[in-house]
Amino acid sequence: MSEEKPTRRDILRPLHLLGIALACGVFAMIVTLVSTGAFTARVNTAIANGSYEGLTPVMLGLVVGGGAFIVTLLMLAMLILAVDPADVTKTVDRPVLYDPESDDDASAAGDPRTDRSE
């Protein structure tokens with residue numbers, strides 16, 4: 001395992017965030033296609049005969065997948081706003097949104113035999 005710790009800029013690359021949003025959109029589209037029966041003979045025959053009423057499963061899958069892509073992208077963008085821009089070049093060695101530990105808290109948590117006056 002390498003000792004190099006990634007910077008926040010390395011973690012929050014826009015192409016990675018687009019890839020995550022795209023994967024969520026494709027997953028939502030596949031779930032929609034399977035749940036609406038897009039791969040069944042009955043639905044495909046009704047679409048071919050022109051007797052299928054409403055939005056076809058493929059179009060519904062595209063709408064749901066696009067909506068999931070946009071919602072995921074917006075949520076990730078809002079989460080990025082929680083990162084302080086001054087911390088972008090610092091290395092990450094602990095979770096991002098935790099409060100910083102003070103020396104007193106670290107020493108008290110590390111020694112279970114501390115004296116408690118009651």
Side-chain angles (χ1 to χ4, degrees):
M1 183 178 253
S2 67
E3 292 298 319
E4 291 184 25
K5 295 179 179 169
T7 62
R8 293 183 194 210
R9 184 179 302 271
D10 294 336
I11 293 172
L12 302 174
R13 292 192 178 187
L15 190 59
H16 293 162
L17 299 175
L18 282 173
I20 292 169
L22 182 65
C24 290
V26 168
F27 177 75
M29 184 178 78
I30 290 172
V31 168
T32 304
L33 288 174
V34 170
S35 64
T36 56
F39 306 114
T40 60
R42 182 178 60 91
V43 171
N44 288 331
T45 307
I47 292 172
N49 292 338
S51 61
Y52 192 86
E53 295 181 17
L55 200 59
T56 62
V58 174
M59 292 303 295
L60 182 63
L62 288 174
V63 169
V64 170
F69 172 76
I70 292 170
V71 167
T72 305
L73 197 60
L74 286 174
M75 286 175 39
L76 290 173
M78 294 301 287
L79 287 173
I80 288 177
L81 290 176
V83 177
D84 186 19
D87 293 339
V88 170
T89 57
K90 293 181 182 177
T91 58
V92 177
D93 53 351
R94 54 192 303 284
V96 177
L97 296 176
Y98 276 8
D99 291 331
E101 288 184 2
S102 65
D103 292 334
D104 298 335
D105 293 340
S107 64
D111 189 10
R113 297 174 283 151
T114 55
D115 221 2
R116 295 182 190 163
S117 56
E118 296 179 25

Find the distance between CG (Leu17) and CG (Leu22) and round it off to the nearest 0.5 Å.
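Going from the CG atom of Leu17 to the CG atom of Leu22 covers 12.5 Å.
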Candidate pair Val64 and Met29, rule side chain to side chain contact (heavy atoms under 4.5 Å, CB included), full reasoning
CA-CA 6 Å; Val64 170; Met29 184 178 78; over 6 Å; no
Using the test side-chain contact (heavy atoms from CB on, under 4.5 Å), find all partners of Leu79 that sit at least two apart in sequence or belong to another chain.
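Partners of Leu79 under the side-chain contact (heavy atoms from CB on, under 4.5 Å) test: none.
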Residues in side-chain contact (heavy atoms from CB on, under 4.5 Å) with Leu18, at least two apart?
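Expected list: Phe69, Leu73.
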Just distance, no hydrogens or angles: give the donor-acceptor pairs under 3.5 Å from side chains in residues 30-41, sequence neighbours left out.
unit_1, atom_1, unit_2, atom_2, d
Thr32, OG1, Ala28, O, 2.8
Ser35, OG, Val31, O, 3.0
Ser35, OG, Thr32, O, 3.1
Thr36, OG1, Thr32, O, 2.9
Thr36, OG1, Leu33, O, 3.3
Thr40, OG1, Gly37, O, 2.8

Ile47 pairs by side-chain contact (heavy atoms from CB on, under 4.5 Å) with which of Thr45, Val43, Asn49?
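Considering Thr45, Val43, Asn49, a side-chain contact (heavy atoms from CB on, under 4.5 Å) with Ile47 is found only for Val43.
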Just wondering, are more than 12 heavy atoms of other shown residues or ligands nearer than 6.0 Å to CG in Leu15?
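Count not over threshold, so no.
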